[in-house]
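Positions are given from 1 along the sequence. Predicted model, so just to flag it, every value in this text is computed and none were measured.
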Amino acid sequence: MSHARKTVSQEQALGTVTGRIPGSWLLIWLAAIALGAVGFFLAVGSTPQRAWMTVWFNFLFWTSLAMGGVVFSAILQAAKGHWGKPFRRLAEGAAAFLPFSLVLFVLLYFGSEYVLVWLGPVETLHLNRTWLTQDGVFIRNGILLAILYLASFVFLWYSLRADAPLVAPRLRGWRKALVGRLSNKWRGDEVEVERCTRRIARLGPFIILAWVGVLSMLSYDLIMSLVPGFVSIVWGPYYFVGGWLCLLALVALMANHYNHRFGGEPLWGQWDFHDLGKLMFAFVVFWTYLWFAQFLVVWYGNLPREANFFLERAVGPFSGIYWLQMVLIFALPFVFLLGRKPKMRSRWLAFVALIILTGFWVERFNLVVPSVWEGSGVPLGWQEILISVGFIGLFGLCYAMFASTFPKVPIRDTIAAGSAGQGP
């Protein structure tokens with residue numbers, strides 16, 4: 001990774017703490033949530049399967065993205081990735097959605113009869129009825145998600161605590177109370193920063209491993225099982241790496257949004273964006289490799305119960321949007337990020353990030369809907385659009401609450417440093 005990075009002073013970083021969500025954005029997020037709620041209740045009364053399918057794949061999309069925010073910081077800590085420190089807070093902001101993710105997961109239980117096709121009669125012998133039960137799926141995944149989220153919140157607590165005493169005087173109301181709790185029993189800057197560094201260093205590897213295991217389990221039970229008999233050994237990485245790539249795209253989008261909004265001075269320079277762009281490019285290629293790895297094995301093995309997954313998508317009414325996802329996630333980003341200069345331009349990187357995020361929304365739709373939909377044609381209408389807009393509003397509100405409370409860049413360094421001759 002490149003070593004030339006933009007340096008941000010403490011005063012400049014503190015100047016990014018607004019203490020409030022801009023009124024126009026607050027109105028947009030609340031209006032989007034209202035539209036989503038109205039769309040859901042209208043859809044659940046007329047076409048309940050479409051309503052619950054849409055909630056299902058949006059939950060999978062936003063949960064994997066939100067969890068990636070914590071993992072971003074954990075990986076920087078484990079790998080001593082100093083290049084990415086300026087982007088840590090932008091990534092961690094996505095984790096503000098995690099409490100709602102857990103609530104939404106519980107709510108999925110009440111619509112699971114419309115999505116979990118194996119609850120009814122299934123014409124296959126390749127189905128473990130002991131493992132796949134409605135209660136079993138939600139109990140084990142609920143417990144695993146709760147453990148993962150709890151560890152993530154502890155990690156974030158110590159990641160944010162180092163900056164809390166500096167931020168608190170600039171806040172009011174519930175924000176000041178929250179940040180005040182973060183800095184409770186402060187024992188001095190040097191002692192506390194070292195303590196925070198030590199705590200997140202211990203938690204980081206656990207969170208990375210738990211992220212891999214829990215999101216893999218979630219993908220097996222909530223996605224792969226929707227095609228009874230289908231088995232893919234790379235299914236877990238295929239899912240959580242997609243969420244990780246979405247997180248990188250979100251960071252690029254938000255960095256461009258905030259870069260010149262505080263005093264006109266940039267918070268991140270062209271080399272910071274270049275490093276982020278290289279990572280995005282690498283994982284665009286890696287995610288596509290995972291997709292092709294499972295596709296190739298099914299193709300040359302010619303196994304009907306595995307091929308059913310691709311036949312439902314590559315042939316018939318879903319074929320157009322199936323290949324659209326590959327254009328949006330791989331073909332366009334690969335071309336647009338191939339050179340050095342495009343990765344240095346924040347607006348261009350944000351444009352590519354928006355393409356990637358749109359592509360993964362389509363991809364999560366394709367993971368769930370073709371396996372479940374019992375009607376004719378492609379169910380992509382006002383029901384799916386309104387409910388998805390509601391999810392955008394909910395995520396946007398959560399992110400805005402975090403971003404208005406904490407600085408956009410970390411002030412005190414809690415990433416453990418490596419020796420001068422080793423590491424980045």
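In this pair, F365 and F318 present their aromatic rings tilted. The plane angle is within the 30 to 60° band. Ring orientation note: the planes of W323 and W291 are nearly perpendicular, at an angle over 60° on the 30°/60° scale. Note on ring orientation: taking the six-membered ring where Trp is involved, the planes of F360 and W287 are perpendicular (angle over 60°, cut-offs 30° and 60°). Relative orientation of the F153 and Y149 rings is tilted, given thresholds of 30° and 60° on the angle between their planes. Using a 30° and 60° split on the angle between ring planes, F309 and F230 fall in the parallel class, below 30°.
The shortest distance between side-chain heavy atoms of V55 and Y114 does not fall below 4.5 Å. Side-chain atoms of T288 and M326, non-hydrogen and from C-beta on, do get closer than 4.5 Å to each other. Here the side chains of V409 and R89 are not in contact, with every heavy-atom distance at 4.5 Å or above.
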Inset, instruction - Run the numbers on L279 and D275 for side chain to side chain contact (heavy atoms under 4.5 Å, CB included), then give the verdict. - result: CA-CA 6 Å; L279 198 63; D275 288 344; over 6 Å; no
Legend entry - Audit row: L337, L349, side chain to side chain contact (heavy atoms under 4.5 Å, CB included) steps and yes/no: CA-CA 8 Å; L337 296 177; L349 200 62; 3.6 Å; yes
Legend entry - Derivation and outcome, side chain to side chain contact (heavy atoms under 4.5 Å, CB included), residues L108 and F138: CA-CA 9 Å; L108 289 181; F138 282 91; 3.8 Å; yes
Inset, instruction - Would you sort out whether F57 and W361 count as a ring-ring contact (aromatic ring centres under 6.0 Å, His included), showing the intermediate values? - result: CA-CA 8 Å; F57 76 76; W361 184 87; 5.4 Å; yes
Legend entry - side chain to side chain contact (heavy atoms under 4.5 Å, CB included) between L116 and L226, worked out: CA-CA 6 Å; L116 297 177; L226 301 182; 3.9 Å; yes
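Between F97 and the options Y399, F395, F61, a ring-ring contact (aromatic ring centres under 6.0 Å, His included) holds for only F395. Residue V179 is tested with V17, L171, L160 for a side chain to side chain contact (heavy atoms under 4.5 Å, CB included); the sole match is L171.
Taking CG of L145 as the start and CG of L215 as the end, the distance is 7.5 Å to the nearest 0.5 Å. How far CE of M280 is from CZ of F273: 11.0 Å, rounded to the nearest 0.5 Å. In this structure, the separation between CG on L102 and CG on L107 is 10.0 Å, given to the nearest 0.5 Å. With rounding to the nearest 0.5 Å, the separation of CE in M401 from CZ in F406 is 10.5 Å. For the atom pair CD1 of I392 and CD1 of I387, the computed distance is 12.5 Å after rounding to the nearest 0.5 Å. Between the CD1 atom in I75 and the CD1 atom in I208 there is a gap of 5.0 Å [rounded to 0.5 Å].
Residues satisfying the ring pair (Phe, Tyr, Trp, His ring centres under 6.0 Å) test with F310, not counting sequence neighbours, are F295. For R140, the salt bridge (Lys or Arg N to Asp or Glu O under 4.0 Å) partners are D221, not counting sequence neighbours. Partners of R20 by salt bridge (Lys or Arg N to Asp or Glu O under 4.0 Å), not counting sequence neighbours: none found. F262 is linked by a ring pair (Phe, Tyr, Trp, His ring centres under 6.0 Å) to nothing, counting only residues two or more places apart in sequence or in another chain. When the side chain to side chain donor-acceptor pair (under 3.5 Å) test is applied to E312, no partner is found at least two apart in sequence or on another chain.
Between I21 and S404, the shortest heavy-atom distance links the atoms CG1-OG, 3.8 Å.
Between the side chains of S371 and R313, at least one donor N or O lies within less than 3.5 Å of an accepting N or O. Side chains of S346 and W268: no donor on one and acceptor on the other come within 3.5 Å.
Within a 6.0 Å sphere centred on CZ of R198, heavy atoms belonging to other residues, nucleotides or ligands number more than 12. Within 6.0 Å of CG in L338 there are more than 12 heavy atoms belonging to other residues, nucleotides or ligands.
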Please list, one pair per line, the donor and acceptor atoms closer than 3.5 Å that link side chains of residues 234-243 to other protein atoms, with sequence neighbours excluded.
from : atom 1 : to   : atom 2 : distance (Å)
W235 : NE1    : S219 : O      : 3.3
Y238 : OH     : E363 : OE2    : 2.9
Y239 : OH     : L60  : O      : 2.8

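With ring centers used as reference points, W56 lies 6.0 Å or more from W52.
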